[in-house]
Amino acid sequence: MCGIIGYTGDDERAVLDVLLDGLSGLEYRGYDSAGLAISNASLSVYKREGELSNLEAVLPEGLDGFAGVGHTRWSTHGPPSDENAHPHTDCQGRVAVVHNGIVENYAPLRAELEARGHTFESETDTEVVPHLIEEHLADGADPERAFRRTVERLEGSYAVAAVFSGRETVYATRQASPLVLGVGDDGHYLASDAPAFIEYTDRVIYLEDGQFATITPSDVTVTDERGQPADVTVRRLEWEPEDAGKSGYDHYMVKEIHEQPTAIRRCLGGRARELDGSVTIDELTDLETPSSVQFVACGTSYHASLYGARLLRERGISAQSFLASEYDADALPIDEETLVVGVTQSGETADTLSALRSANRAGATTLAVTNVVASSAARACDHTTYIRAGPEIGVAATKTFASQQVALAMVASVLAGEFPRSFVEGLRDVPDDVQSILDTSRARSIAEQYEDADAYFFIGRGYNRPVALEGALKMKEITYKHAEGFAAGELKHGPLALVTPQTPVFAVIGADDASEKTLSNVTEVESRGAPVVAVTDSPERVERHADATLEVPDTHPCLTPILANVQLQLVAYHVANRLGRSIDKPRNLAKSVTVE
Ligand code: M6R
């Protein structure tokens, strides 16, 4: 959702640069306003509605200081505005606070504080925090104690960081909202996500719920709720600074689409072995074969989970996918032999975390399939496997979806103890197959041809249904045009009424048994005059029915959707680009959705 950055270091002139670099690296998390506060002889606070450039435009020359915090916002309480942008301050301007999450009890706290004479300047839930701190300072507490005592009063989810006038320390804590500390040589950092400071340090500490961090230029101290030193691990990130940049591409999304061969190779590395046709996932060696599997996930990750569930069912393991926000563990048969798998790129999606926690309470065994090491999902589950996609900055999930599909294909093989050789060989070839699509795709000309369409429909059957849904999600989120994905067989049960010559239908058609039926569905739309774009590994079978084809390499039928999706990503990207959309930061959306 929102993004937080904090820094304190030896070089006072570096504060502003670090905060601005961090904010630009975090804009993908929220981008309706941005702000920063720098502690110097007093406290300098600047904030503006809109993109980071609006904030940069009002910053004075030579702004420096001892320590600072910054924030990009995705609004929940109060619309985007200068006033509602973070940081928020107390009545005296002695403390500045940035916050990600929701303070659920802010209304009574605000009423209480107003009754005691505090003046509020925003509509946010966050603003209660600096005013509570102010009261504790007035009672004689030092900044650290004032910060802790304030946090004791907060209910809900939060990552909070604060700086105080004239001080070089940044205080922070978290509860169900991510916060990572960066341990540098010349200073220390904190952020919602490591890419915000990766160019300065790759040594990180992931803060746990309830832990407090106190960072000074020379020290990082982590304590628990009682103020006792906490055990922390300093990890070294394997990401390179250029992972967080655009590397010459116009958008992160298209860069990340092109990173898929590398991401998939990394996901497969040491797991799928061509030589003996086996799959092993080291993290899962002690995971028993479950009696049944329930997937919980949202958005794109849900589509990946539909694919994973189908693979498991095909191998004889009962499996279902649930939208995490609709998951009801109490209404489902669950015991310790039930495996509940949370599929979540960020590992921080509130709906998915809530579903996983309810599954834990119901006695299930839980597994997180995630991209982010030590994320909340990883910590909430009994087992974790990482998809190793590297940082994904574009709000539209692309390479993480591909890596999720590949990871779930391997998880299904491991759980079922079944590794058809052609499948493992096909998996090993996926990176090269994706590369050949990227090298030859005609998606740009298809986008040009259909950019004015009234709506876009996507159909697929069996293994190809999840990518039909995903193709539509990608199209709608970055082009803002109407797009729907359907099971191919469902078209005739209603959606066919929407089909016109102005609604291109993208049909994903593999070489498997089901594809004959999908071809019949294609003729149904063809005879209503809709243009058909077939995404297929067998163009000769479909060319009679299709107006255009987007070809994918021939592979194992279970793997066709991984390849077909790349073509659909490219079509959505090129349509959005032609329409001049804000591709990496589509309106109203955020990369990591940490509210339910
Ligand atoms: O981080 P997660 O995978 O849990 O995120 C779930 C969804 O919010 C996410 O997949 C969303 O649908 C995509 N960003 C859309 O491209």
Side-chain angles (χ1 to χ4, degrees), residues 157 176 208-210 271 278-387 404-420 423 462-463 465-466 558 596:
S157 60
E208 303 271 348
D209 279 353
R271 292 166 165 175
S278 70
V279 177
T280 37
I281 300 180
D282 288 344
E283 310 93 280
L284 302 186
T285 40
D286 57 345
L287 182 61
E288 313 252 310
T289 299
S291 58
S292 66
V293 178
Q294 297 169 3
F295 286 92
V296 291
C298 306
T300 295
S301 297
Y302 171 69
H303 299 151
S305 81
L306 289 171
Y307 172 70
R310 191 169 181 100
L311 281 166
L312 280 169
R313 287 197 298 272
E314 181 131 307
R315 287 164 164 75
I317 297 180
S318 160
Q320 272 177 290
S321 280
F322 296 86
L323 287 166
S325 55
E326 292 289 321
Y327 182 71
D328 182 358
D330 296 334
L332 291 164
I334 289 182
D335 59 27
E336 71 276 8
E337 287 184 21
T338 311
L339 180 67
V340 176
V341 184
V343 184
T344 166
Q345 178 281 126
S346 62
E348 302 296 343
T349 299
D351 289 322
T352 307
L353 291 174
S354 164
L356 286 169
R357 289 183 182 125
S358 68
N360 274 333
R361 282 195 300 276
T365 302
T366 48
L367 164 67
V369 178
T370 184
N371 194 29
V372 179
V373 175
S375 56
S376 298
R379 287 197 301 251
C381 287
D382 304 314
H383 304 269
T384 300
T385 188
Y386 291 107
I387 64 170
Q404 284 171 338
Q405 289 173 303
V406 168
L408 289 174
M410 289 190 287
V411 169
S413 300
V414 166
L415 291 182
E418 220 191 88
F419 317 107
F423 179 71
Y463 282 110
R465 176 176 162 247
C558 303
E596 283 183 58

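Quick note: residue numbers are just sequence positions, from 1. Bear in mind that the values here come from a model prediction, so they are computed numbers and not experimental data. Excluded from the calculations below are hydrogen atoms, water molecules and symmetry mates; all remaining heavy atoms, backbone and side chain alike, are included.
At a cut-off of 3.5 Å, with distance as the only test, no side-chain donor of Q294 or T338 sits close to an acceptor on the other residue. Side chains of N360 and T366: a donor-acceptor N/O pair is present below 3.5 angstrom, by distance only. Using modelled atom types, one finds no donor on one side chain facing an acceptor on the other under 3.5 Å when comparing S375 with E348.
Nearest heavy atom pair, residue L311 against residue A409, reads CD1-CA, 3.6 Å. For the pair S305 and F295, the tightest heavy-atom approach, listed with the atom from each and the gap, is CB-CB, 3.6 Å. What you find for T344 and A377 is that their closest heavy atoms are CG2-CB, 3.7 Å. Contact detail for A364 and D382: the closest heavy-atom pair is O-OD2, 3.8 Å. Nearest heavy-atom pair, V343 versus T352, reported as atom, atom and distance to 0.1 Å: O-CG2, 4.4 Å. Taking every heavy atom of both residues into account, G363 and I334 meet most closely at C-CG2, 4.2 Å.
Residues F322 and L332 meet the side-chain proximity criterion, which asks for heavy atoms closer than 4.5 Å. R310 is not listed as a side-chain neighbour of C558, based on a closest heavy-atom distance of 4.5 Å or more. Using a 4.5 Å heavy-atom cutoff, the side chains of T285 and T280 are not in contact.
Of the residues listed (I281, V372, T370), the one engaging Y386 in a side chain to side chain contact (heavy atoms under 4.5 Å, CB included) is T370, and it is the only one. Tested against L287 for a side chain to side chain contact (heavy atoms under 4.5 Å, CB included), the candidates L415, V411, T385, V414 yield a single pass: L415.
Summarising the geometry, atom CG belonging to L284 is positioned 8.0 Å from atom CG belonging to D286; distances are rounded to the nearest 0.5 Å. Rounding to the nearest 0.5 angstrom, the gap separating the OG atom in S413 from the CZ atom in R271 is 12.5 Å. Put simply, NE2 on H383 and CD on E288 are 8.5 Å apart, with the number rounded to the nearest 0.5 Å. Rounding to the nearest 0.5 Å places OG of S301 at 10.0 Å from CG of N371. With rounding to the nearest 0.5 Å, the separation of CD in E326 from SG in C298 is 10.5 Å. A distance of 7.0 Å separates CG of L367 from OG1 of T384, quoted to the nearest 0.5 Å.
Side chain of D209 to backbone of A176: a donor-acceptor contact under 3.5 angstrom is found. Using modelled atom types, one side-chain atom of R379 and one backbone atom of A374 make a donor-acceptor pair closer than 3.5 Å.
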